[in-house]
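In what follows, a structure is listed as structure tokens, so that the remarks can point back to it.
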There are 2 protein chains.
Amino acid sequence: MAKPGQPSRPRSDHSGPETGTRQALVDAAIETLHEEGFAGASARAIARRAGCNQALVFYYFGSVVDLLLAALDAVSQARFVRYSAAVEVVTNPADLLAVAVDVFREDLDAGYATVLVEMIAGASSTPGLGAEVARRIAPWADFAESAVSSALADSPLRAMVPTGEVAHAIVALYLGLEMLANLDGDRGRATALFGHLALLVSAFEALSPRLMQRENR
Amino acid sequence: MAKPGQPSRPRSDHSGPETGTRQALVDAAIETLHEEGFAGASARAIARRAGCNQALVFYYFGSVVDLLLAALDAVSQARFVRYSAAVEVVTNPADLLAVAVDVFREDLDAGYATVLVEMIAGASSTPGLGAEVARRIAPWADFAESAVSSALADSPLRAMVPTGEVAHAIVALYLGLEMLANLDGDRGRATALFGHLALLVSAFEALSPRLMQRENR
DNA sequence: GTCTATACTTGGATAGAC
DNA sequence: GTCTATCCAAGTATAGAC
């Protein structure tokens, strides 16, 4: 499955931020997906942003879609690290919402969420791309599910919440909010929602013991 | 604002389904956005599906994006009619969820939801397209808001729900669920959620009188 | 590793025959 | 109104100089 076009690159044996051309192309791909969308993410457009020649896209990645998938990988890995650290301290739904709004705003501003959206939406234009994208999206849903599970661990809500479906809905909401925020340029609309959601959850939690009585009867 | 390329067309003075080439192109555009995405929706690809010549795209619509916007208009209008009829009989949240799942499944199967998603995601590739798409999405949020309002009219939930933000979230969830459904080809995951949402709403409604007491204190 | 040059393909758009 | 023919721009990808 390893493309022959893959050159013997240095690939960062230190742990600092990568500065090579390969990384510049990945960064430029993220930026281009954010700024011009999947349809505008050509080898030329990306290379222009990376400040290098168009041919290097093919030298390093073999094809444009493979570069875009590498960008998706980079975003997934980077955000997974960030999410894991943020969620580690969370033990209840209210805290989870609080960190979610921070992290989500970062994803919006940096264009990370756009990368997901554009790759999913663009997947149908290229045979086989859908499966590749799906494989890379799956960890996000898994992460959301475990975050929900652990946040509800001590909550009576836990028994009545299907964590898998909630996680699926969270990912969907994440994608949808990003789309709308990117369309009208208003990040506030998206993040304001979290505040009301927090109210709702805490209100629900306060009442849930009585609710449990009813549900378990 | 009227494009000069607009021919003097018959434009259906009867009320049956349109059968002309213009309508065939709109239908083909919807289908192409569904099947191949925004990036794959070229004049040639659409014309092939419509069974006519590529030049007719420009004869009727002036440009490809204008055809795609016409497709978005067609979907919006058609679904608005359908939604209005469906929601007319709804007076409570549970009923609203019940009709929502039916209508949403139609949108998924017919590719109507994909048209929204692809146009929003593709908007960033063409200057000015974002504003045009946003104008055409707004009615959906307005509709969702009025549906939520009327469904909650007799409910004690009404006072504590910010209908505008809920509507925004519903549209976002709609878009996100469509993306995921289209990616993994599993409509069930999306619609199963509605069942649990219905449970949650009814449970919350049953308890809301007591909740109102707390909130209003 | 990076560039130039180039071959090839696809797509947007127009002109003009019918 | 529909088609053929065509032009031009942009994109993917490769070869080869440096």
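All values below come from the heavy atoms of this structure, side chains included, with hydrogens, waters and symmetry mates left out. Lettering follows sequence order; numbering is per chain, from 1.
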Asn53(B) versus Tyr59(B), side-chain donor and acceptor atoms under 3.5 Å:
no
Quick note, Leu56(B) side chain, CB onward, closest among dA13(C), dT2(C), dC3(D) is dC3(D)
CD of Glu36(B) versus C1' of dG11(C): gap in Å, rounded?
13 Å
Please give, in whole Å, the distance from dG11(C) C1' to Asn53(B) CG?
14 Å
Please confirm whether the shortest side-chain N or O distance from Thr21(A) to OP1 or OP2 of dT2(C) is below 4.0 Å.
yes
Salt bridge check: are Arg49(A) and Glu36(A) linked by an N-O gap of less than 4.0 Å?
yes
Interatomic distance where CG belongs to Asp66(B) and C1' belongs to dA13(C) [whole Å]:
13 Å
For atom OH of Tyr59(A) and atom C1' of dT2(C), their distance in whole Å:
9 Å
Using a heavy-atom cut-off of under 4.0 Å over every strand shown, decide if Val64(A) touches base, sugar-phosphate, or nothing.
sugar-phosphate
Would you please say whether a donor-acceptor pair under 3.5 Å links the side chains of Thr114(B) and Glu178(B)?
yes
Return yes if a side-chain donor-acceptor contact under 3.5 Å exists between Asp66(B) and Tyr60(B), otherwise no.
no
Leu67(B) has an atom CG; how far is it from atom P of dA13(C), in whole Å?
11 Å
Here the distance between atom P of dA5(C) and atom CD of Gln54(A), to the nearest Å, is 13 Å
dT2(C) phosphate, OP1 or OP2: any side-chain N/O from Tyr60(A) under 4.0 angstrom?
yes
Taking for each residue the nucleotide of DNA chain D with the nearest heavy atom, is it Cys52(B) or Ala43(A) whose nucleotide lies nearer the 5' end?
Cys52(B)
Separation of dG1(C) C1' from Phe61(A) CZ (nearest whole Å)
14 Å
Mind calculating the distance between CZ (Phe58(A)) and P (dT2(C)) to the nearest angstrom?
16 Å
